[in-house]
Chemist: 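Sending over a structure as structure tokens; questions will come in a sec.
Computed from a predicted structure; not experimentally measured. Residue numbers begin at 1 in each chain, while the letters A, B, ... track the order of the sequences.
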Number of protein chains: 2
Amino acid sequence: MTTIHQVAKQAGVSVATVSRVLNGQNSVTAKTRIKVEDAIKKLNYEPSLLGRNLRNSESRLLLVLIPNISNPFYSEIINGIENTAIELGYNILLCETDTNAERENIYFDLVRKKMADGIISMDPAVNTDSLIRLAENHAIIQCSEYAVDSGIPYVTIDNAQAAYRAVKHLIKIGHQRIALINSDKKFLYARQRQLGYQKALEENDMGLEDSLIVHTKGLDFSYGQQAMKKILMQKERPTAIFAVSDLLAIGALKEIHNQGLRVPEDIAIIGFDKIAFSNMTHPTLTTISQPMYEMGKAAADMLVKKIQGEEVESLILEHELVIRESTLG
Amino acid sequence: MTTIHQVAKQAGVSVATVSRVLNGQNSVTAKTRIKVEDAIKKLNYEPSLLGRNLRNSESRLLLVLIPNISNPFYSEIINGIENTAIELGYNILLCETDTNAERENIYFDLVRKKMADGIISMDPAVNTDSLIRLAENHAIIQCSEYAVDSGIPYVTIDNAQAAYRAVKHLIKIGHQRIALINSDKKFLYARQRQLGYQKALEENDMGLEDSLIVHTKGLDFSYGQQAMKKILMQKERPTAIFAVSDLLAIGALKEIHNQGLRVPEDIAIIGFDKIAFSNMTHPTLTTISQPMYEMGKAAADMLVKKIQGEEVESLILEHELVIRESTLG
DNA sequence: CACAGATTTGTAATCCATTACATAACTAGA
DNA sequence: TCTAGTTATGTAATGGATTACAAATCTGTG
């Protein structure tokens, strides 16, 4: 491997001068600069980031933790993160945790051991204790999901309010029995969205029925399908479904079709996230849209600020109800 | 930050001894080992990978290049890569290139500059020249898509054969006019699958019709939908569609429904990849299944071998035709 | 031409961990 | 008890780049 020393020798200057050329410092004569650049080209030299980073004690690498890349919800957020990070001189690397504490710890270690400068966590199943401990000495930002009172800055939307609006919409178009397909209550967003659901029902004097609330063990289509099956086994079936994610909603839709029922005529559905698929289903899915790109952008901005020692404030962004065919009156 | 020196001082030993304890070497007395471990705990010491990696000139990081995380095709492959890599003592980091040469170059640079030990490229739009040049001095493996005659090892399936089988299946159940929704011909897999399509038609004395072959500019649903629209505008419409990816097939399905036609009664469809969503559509999608997990596993194995200086051979794995509702006779 | 002041270049310390080699401590056998 | 042979520990060089500070070169003015 070529080192800065060999370049210096080849160019007949000192390593300091080579370093100056590399870092674009102006205190180098045009003549010397050219000598150095020639040497670099001739030797095909690539400065080792390991050396540089060790000296500067930074890596300019940001980690983005996601539970699972196959959940399209993250896609647009990551876009926002990436564009912003690159603009600020950082690279991002995606880390799939598979909701596995061990794997998560591997990535935490990368930060502890200086191979990365900070983390944007989007994993709702993250081990909060580890995260909080890590945040004591390292730059961490939470995006979408967050640990309450952790002191770790986050970017998110008002989940309760969004769910409230979704259910309100169902009520407005005449539904009186509305089921909730929720994910595991251990997730903050799940609890918040359930609160919104309950608030909407209560405000309209519709009683809560335990049998209309199903919790799933996962987020795949298949869990939505199972949940729907369970709901349809009841004698008095609901006329509308609010699912806390589009994936679950799409699974539910599948099951409704399987049983020969029609959407929205027999049962209306609302999802959450506005993933690309949600516009490909038949009928297209009414859903809640989060400002994903903006969220990513904000998270990246905040993380870099944090790395550079600034204080940052948490952010709650606006959402939107996107009405499509699955809730047409 | 705590360094190995401070630990050594705290424990009353030399840095060499601390390093030995860290690396689990046996030439350390139990007594000293305990002293050192206590010091490490007390000071909350985390060895810097930057220092270690500089010395060892390795990073034990593997990069996985994908064009877009929102394409679920990659999900299971990555799983295979990740599990294998971890077993072999490496971590993987995902890099989304967005089919953007500049962004791709950022990740190539990470390898050139020693921040990563190797790359598994799954981007069909990768700049082949850059990749070949990079492979001269660095460990690279191609997965799924590959550059012919590049000399860079790859793992893939026989795309032409797979496409041939898919179309053969359509012919067998009685179809005589079969359209092809293909992606851009610049992709190797697109050309190979088209060859398979043509071979099946020719073998059955069915003429090729240019108007039945549509090339898309992208891989999203929407492109499949557009392509289908174009196909359905013709006077004599086909009775079956072979799409080179499930995403395109699902877009096509959507358009067929939009126009009030039924699948498979009016038009049959076959996709490619067996992504999770292909089983959620209505009707479920006949498709080609690639051994994704195996592909990932093999790619990771090969990459680590390559990093360790071994020679590796390219691999062609088996595929499978999965017959579902969209082609029920 | 000499000299102060500005500009360019070089020397060597530094970042942190690993490891070859040297040295110290210990063991066992005579 | 002494010595040869092990085993444990320490010293210092090493990896590659950056940078404070020192030294050298240049500029312009009296």
Chemist: Between residues 107-119 of chain A and DNA chain D, which residues have a heavy-atom gap below 4.0 Å?
Modeler: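 Nothing qualifies; none.
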Chemist: Which of residues 26-40 of chain A sit near DNA chain C, with a heavy atom under 4.0 Å from it?
Modeler: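 Under 4.0 Å from DNA chain C: A:Ser27, A:Val28, A:Thr29, A:Thr32.
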Chemist: Determine, stepwise, if the pair A:Ile78 / A:Ile66 fulfils side chain to side chain contact (heavy atoms under 4.5 Å, CB included).
Modeler: CA-CA 10 Å; A:Ile78 289 168; A:Ile66 49 180; 4.0 Å; yes
Chemist: One thing to verify: whether A:Lys114 and B:Glu46 come together as a salt bridge, which I'm taking to mean a side-chain N less than 4.0 angstrom from a carboxylate O.
Modeler: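 Result for this pair is no, no salt bridge flagged.
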Chemist: Does the pair B:Ile141 and B:Tyr146 meet the rule for a side chain to side chain contact (heavy atoms under 4.5 Å, CB included), with working shown?
Modeler: CA-CA 9 Å; B:Ile141 301 290; B:Tyr146 61 100; over 6 Å; no
Chemist: Compare every heavy atom of A:Thr84 with every heavy atom of A:Lys297, then report the nearest pair and how far apart it is.
Modeler: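 Where A:Lys297 meets A:Thr84 most closely, the heavy atoms are CG-OG1, 3.2 Å.
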Chemist: Going by atom type alone, with no hydrogens or angles, which donor-acceptor pairs under 3.5 Å involve a side-chain atom of residues 85-94 of chain A and a protein atom two or more places apart or on another chain?
Modeler:
none

Chemist: Measuring only between side-chain heavy atoms, which start at C-beta, is A:Val64 closer than 4.5 Å to A:Met122?
Modeler: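 Answer yes - side chains close enough.
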Chemist: Check A:Lys306 with A:Glu311, please: is the shortest side-chain N to carboxylate O separation under 4.0 Å?
Modeler: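 Looking at A:Glu311 and A:Lys306, the cut-off is not met.
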Chemist: Decide yes or no for A:Ile316 and A:Val155: does some side-chain heavy atom of the first lie under 4.5 Å from some side-chain heavy atom of the second?
Modeler: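 Result no, sub-4.5 Å side-chain heavy-atom pair not found.
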Chemist: Between B:Met292 and B:Phe73, does a side chain to side chain contact (heavy atoms under 4.5 Å, CB included) hold up when you go through it step by step?
Modeler: CA-CA 8 Å; B:Met292 313 213 255; B:Phe73 167 62; 3.4 Å; yes
Chemist: Heavy atoms, side chains only, cut-off 4.5 Å: are B:Glu145 and B:Asp123 in contact?
Modeler: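 No, their side chains stay 4.5 Å or more apart.
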Chemist: If a protein heavy atom is under 4.0 Å from the base, mark B; if only from the sugar-phosphate, S; if neither, -; do that for nucleotides 15-22 of chain C going 5' to 3'.
Modeler: BBBBBB--
Chemist: I'd like to check A:Leu131 versus A:Phe108 (side-chain heavy atoms, cut-off strictly below 4.5 Å). Are they in contact?
Modeler: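 The answer is yes, as the side chains (C-beta and beyond) meet within the 4.5 Å cut-off.
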Chemist: State, yes or no, whether a side-chain contact exists between A:Met302 and A:Glu313 at a heavy-atom distance under 4.5 Å.
Modeler: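 Of all side-chain heavy-atom pairs linking A:Glu313 with A:Met302, none is under 4.5 Å.
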Chemist: Over the length of the helix from C:dC1-D:dG30 to C:dA30-D:dT1, how much do the five-pair end axes diverge, rounded to 10 degrees?
Modeler: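 Computed angle between terminal axes is 50°.
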Chemist: Is any side-chain N of the basic residue among A:Lys41 and A:Asp38 closer than 4.0 Å to the acidic one's carboxylate O?
Modeler: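 Answer for the salt bridge query: no.
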Chemist: Under the side chain to side chain contact (heavy atoms under 4.5 Å, CB included) rule, what do B:Lys35 and B:Val13 come out as? Steps first, then yes or no, please.
Modeler: CA-CA 9 Å; B:Lys35 276 196 299 185; B:Val13 301; 4.1 Å; yes
Chemist: Distance under 4.0 Å to a non-hydrogen atom of chain B counts as contact; along DNA chain D, which nucleotides mark the start and end?
Modeler: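 The contact span of chain B on DNA chain D goes from D:dA8 to D:dG16.
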Chemist: Without hydrogens or angle criteria, can the side chains of A:Asn53 and A:Ser59 be said to hold a donor-acceptor pair below 3.5 Å?
Modeler: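 Judged by distance alone, the side chains do not pair up.
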